[in-house]
> 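Okay, here's the structure, questions in a sec.
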Amino acid sequence: MPFSRSIISVFMLLFLAGCRRDIPEPESKFAMTNVNAAGRIRDVPVSVIPLNSSFYVRHKVNGENILVECIVPEISFRQDRHNKRVGKIVVFVDGKKIAEMNTPVFIIKGLAQGEHAITLEVVNLQNRSYSLKKEFNVTIL
């Protein structure tokens, strides 16, 4: 009996060892390569992220109002920031300028029923464009 019990124990151990979860390695969308820069006389810093890719907008329609949230990492909306570029957001509805916002989160109020084209452009305090512009359409029911 003890011999059969040890054989069953061995089979159970082998069975349980084969049933463990096999977790796959995560796939990456980006390949990383090491670069040896030794011996370079003049290194020039370059930005690998284009400026246009760092302006993100999220919006939500609530009745006749639109809540708009903007994320612009390179721009500060506070004028007391001396280490960052300072700016504001110019808001256009259907091609007409309706406001200049000094905050990244705001509400566009009182839109009429129908479809509207919203354009947001980030400019400096002298209204010169930072070449950051987003456009989206909303439908007010």
> Quick one: does Thr139's side chain get under 4.5 Å of Leu141's, heavy atoms only?
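Of all side-chain heavy-atom pairs linking Leu141 with Thr139, at least one is under 4.5 Å.
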> Drop me the distance from Lys134's NZ to Tyr56's OH, to the nearest 0.5 angstrom.
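If we round to the nearest 0.5 Å, Lys134:NZ and Tyr56:OH are 7.5 Å apart.
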> Do you know the tightest heavy-atom contact between Ser76 and Arg78?
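In terms of heavy atoms, the two residues are closest at OG-N, 3.1 Å.
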> Does the pair Val72 and Tyr130 meet the rule for a side-chain contact (heavy atoms from CB on, under 4.5 Å), with working shown?
CA-CA 11 Å; Val72 193; Tyr130 279 126; over 6 Å; no
> Flag yes if more than 12 heavy atoms outside Asn62 fall under 6.0 Å of its CG atom; otherwise flag no.
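No, because the 6.0 Å sphere around CG of Asn62 holds 12 heavy atoms or fewer from other groups.
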> Test Ile118 against His59 for side-chain contact (heavy atoms from CB on, under 4.5 Å), laying out the working first.
CA-CA 10 Å; Ile118 309 296; His59 69 279; over 6 Å; no
> Phe136 and Val68: which non-hydrogen atoms are nearest, and at how many Å?
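Shortest heavy-atom contact: CZ-CG2, 4.4 Å.
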> Would you give the length of the straight line joining atom SG of Cys70 to atom CD1 of Ile89, rounded to the nearest 0.5 angstrom?
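The CD1 atom of Ile89 is 3.5 Å from SG of Cys70, to the nearest 0.5 Å.
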> Is there a side-chain contact between Ile108 and Val138, using heavy atoms and a 4.5 Å cut-off?
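Heavy-atom side-chain distance check fails, nothing below 4.5 Å.
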> Would Leu111 and Ile107 show up in the same hydrophobic cluster when neighbours are defined by side-chain heavy atoms closer than 4.5 Å?
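Leu111 and Ile107: separate clusters.
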> Given side-chain contact (heavy atoms from CB on, under 4.5 Å), test Lys88 with Asn127 step by step and report yes or no.
CA-CA 8 Å; Lys88 57 188 174 182; Asn127 292 321; 2.9 Å; yes
> Kindly indicate whether the side chain of Val86, heavy atoms from C-beta on, has any atom under 4.5 Å from the side chain of Ile75.
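Not in contact.
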> Which atom pair, heavy atoms only, marks the closest approach of Thr103 to Phe106?
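Heavy atoms only, the tightest pair is O-CD2, 3.6 Å.
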> Count I, L, V, M, F, W, Y as connected when their side-chain heavy atoms are under 4.5 Å apart, and connections chain through other members. Are Val105 and Ile66 then in the same cluster?
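Shared cluster, no.
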> Which pairs, with at least one residue in residues 108-120 and sequence neighbours excluded, count as a side chain to side chain donor-acceptor pair (under 3.5 Å)?
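Sorted result for residues 108-120: Asp94-His116.
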> State, yes or no, whether a side-chain contact exists between Ile140 and Asn65 at a heavy-atom distance under 4.5 Å.
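Side chain of Ile140 against side chain of Asn65, heavy atoms only: no contact under 4.5 Å found.
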> Which atom pair, heavy atoms only, marks the closest approach of Ser54 to Pro73?
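Smallest interatomic distance, heavy atoms only, reads O-CD, 3.1 Å.
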> Report the hydrophobic cluster partners of Val90, with the cluster defined as I, L, V, M, F, W, Y residues connected by side-chain heavy atoms closer than 4.5 angstrom, directly or transitively.
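Other cluster members: Phe92, Val123.
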